[in-house]
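Below is one structure, written out as structure tokens, with a few remarks after it.
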Amino acid sequence: RPYGGYEYPQQGFVPPDMMQQQPYTGHIYQPTQGYTPASAQSFYGSNFEDEPPLLEELGINFDHIWQKTLTVLHPLKVADGNIMNETDLAGPMVFCLAFGATLLLAGKIQFGYVYGISAIGCLGMFCLLNLMSMTGVSFGCVASVLGYCLLPMILLSSFAIVFSLQGVMGIILTAGIIGWCSFSASKIFISALAMEGQQLLVAYPCALLYGVFALISVF
């Protein structure tokens, strides 16, 4: 209606294009799938049964641990260089804990000294063997071999729980254990690194390292 000379548009006005409605066909828009994700079975392998065990993926092989332990316990046994060249720290960690536990039973809380001397000794042997060998060696391999050869020292610390090692028999037993550890470690090193004819040169620094552990066990 005109009001004050101005005519308002009708309230019911609808544009013509809105009057045309599209017929509903009953289908909804579905986007095209450009990427087809692979199945979990094809991504992780053809068969889950073919995957290695969890302990083997973590680097823990009980068969190799047992063979390395037997190699240390039998000094005259020929060491397998392929097995000994592996970076296996499960056995050395257990032997270090066992050595500290036997010292604790003897009234000596020396866990800090055991791990500290082990780290310094492994670092020194790592530098020395890389200078002596042509192929070179990893730090994990050095720590693994020195840790496994600590097993006879556990026998010495276990003997110190019951008997005193500050006598003549104790000195003889301690010297024998040091020679056992150093001989086993040098035998494994020369087998894994192909250092023929250099066993005495490798055994000397090993004897110094295990001599420190022996002093902790005796005193």
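As the structure is a prediction and not an experimental result, all values here were calculated from the model.
- When all heavy atoms of V72 and C149 are compared, the pair lying nearest together is CG1-CA, 3.9 Å.
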From CA spacing to verdict: ring pair (Phe, Tyr, Trp, His ring centres under 6.0 Å), F159, F163: CA-CA 6 Å; F159 188 80; F163 304 99; 4.9 Å; yes
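- The backbone N or O of I178 lies less than 3.5 Å from a partner atom in the side chain of S182, making a donor-acceptor pair.
- Counting non-hydrogen atoms of other residues, nucleotides and ligands closer than 6.0 Å to CZ of F111 gives a total above 12.
- Under the 4.5 Å side-chain contact rule for hydrophobic residues, F95 and L103 share a cluster.
- Residues meeting the side-chain hydrogen bond (donor to acceptor under 3.5 Å, both in side chains) test with S186, sequence neighbours left out: Q199.
- When hydrophobic clusters are built by joining Ile, Leu, Val, Met, Phe, Trp and Tyr residues whose side-chain heavy atoms come closer than 4.5 Å, directly or via intermediates, M93 is not grouped with V145.
- Between the CD1 atom in I190 and the CE atom in M195 there is a gap of 8.0 Å [rounded to 0.5 Å].
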Can you list, pair by pair, the side-chain donor-acceptor contacts under 3.5 Å of residues 114-131, counting residues two or more places apart and other chains?
unit_1	atom_1	unit_2	atom_2	d
S118	OG	V114	O	2.6
N130	OD1	V137	N	2.9
N130	ND2	F126	O	2.9

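- Nearest heavy-atom pair across L89 and S144 is CD2-N, 4.0 Å.
- Residue I172 is found in a hydrophobic cluster whose other members, listed by chain and number, are V168; membership requires side-chain heavy atoms under 4.5 Å apart, directly or through intermediates.
- With values rounded to the nearest 0.5 angstrom, L193 atom CG is found 11.0 Å from I188 atom CD1.
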Residues S184, H74; criterion side-chain contact (heavy atoms from CB on, under 4.5 Å); working and verdict: CA-CA 8 Å; S184 298; H74 296 79; over 6 Å; no
Per-pair distances, 0.1 Å, donor-acceptor, side chain in residues 151-158, under 3.5 Å, sequence neighbours excluded:
unit_1	atom_1	unit_2	atom_2	d
S157	OG	T102	OG1	2.6
S157	OG	M153	O	3.3
S157	OG	I154	O	2.9
S158	OG	I154	O	2.8

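- Residues M169 and V162 are members of separate hydrophobic clusters, defined by side-chain heavy-atom contacts under 4.5 angstrom among Ile, Leu, Val, Met, Phe, Trp and Tyr.
- Residue I171 is found outside any hydrophobic cluster, as its side-chain heavy atoms come under 4.5 Å of no other Ile, Leu, Val, Met, Phe, Trp or Tyr.
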Can you give each donor-acceptor pair under 3.5 Å made by side-chain atoms of residues 201-219, sequence neighbours left out, with the distance rounded to 0.1 Å?
unit_1	atom_1	unit_2	atom_2	d
Y210	OH	L146	O	2.8
S217	OG	F213	O	3.1

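- Between K187 and T71, some side-chain heavy-atom pair lies under the 4.5 Å cut-off.
- For the pair L150 and C96, the minimum side-chain heavy-atom distance is below 4.5 Å.
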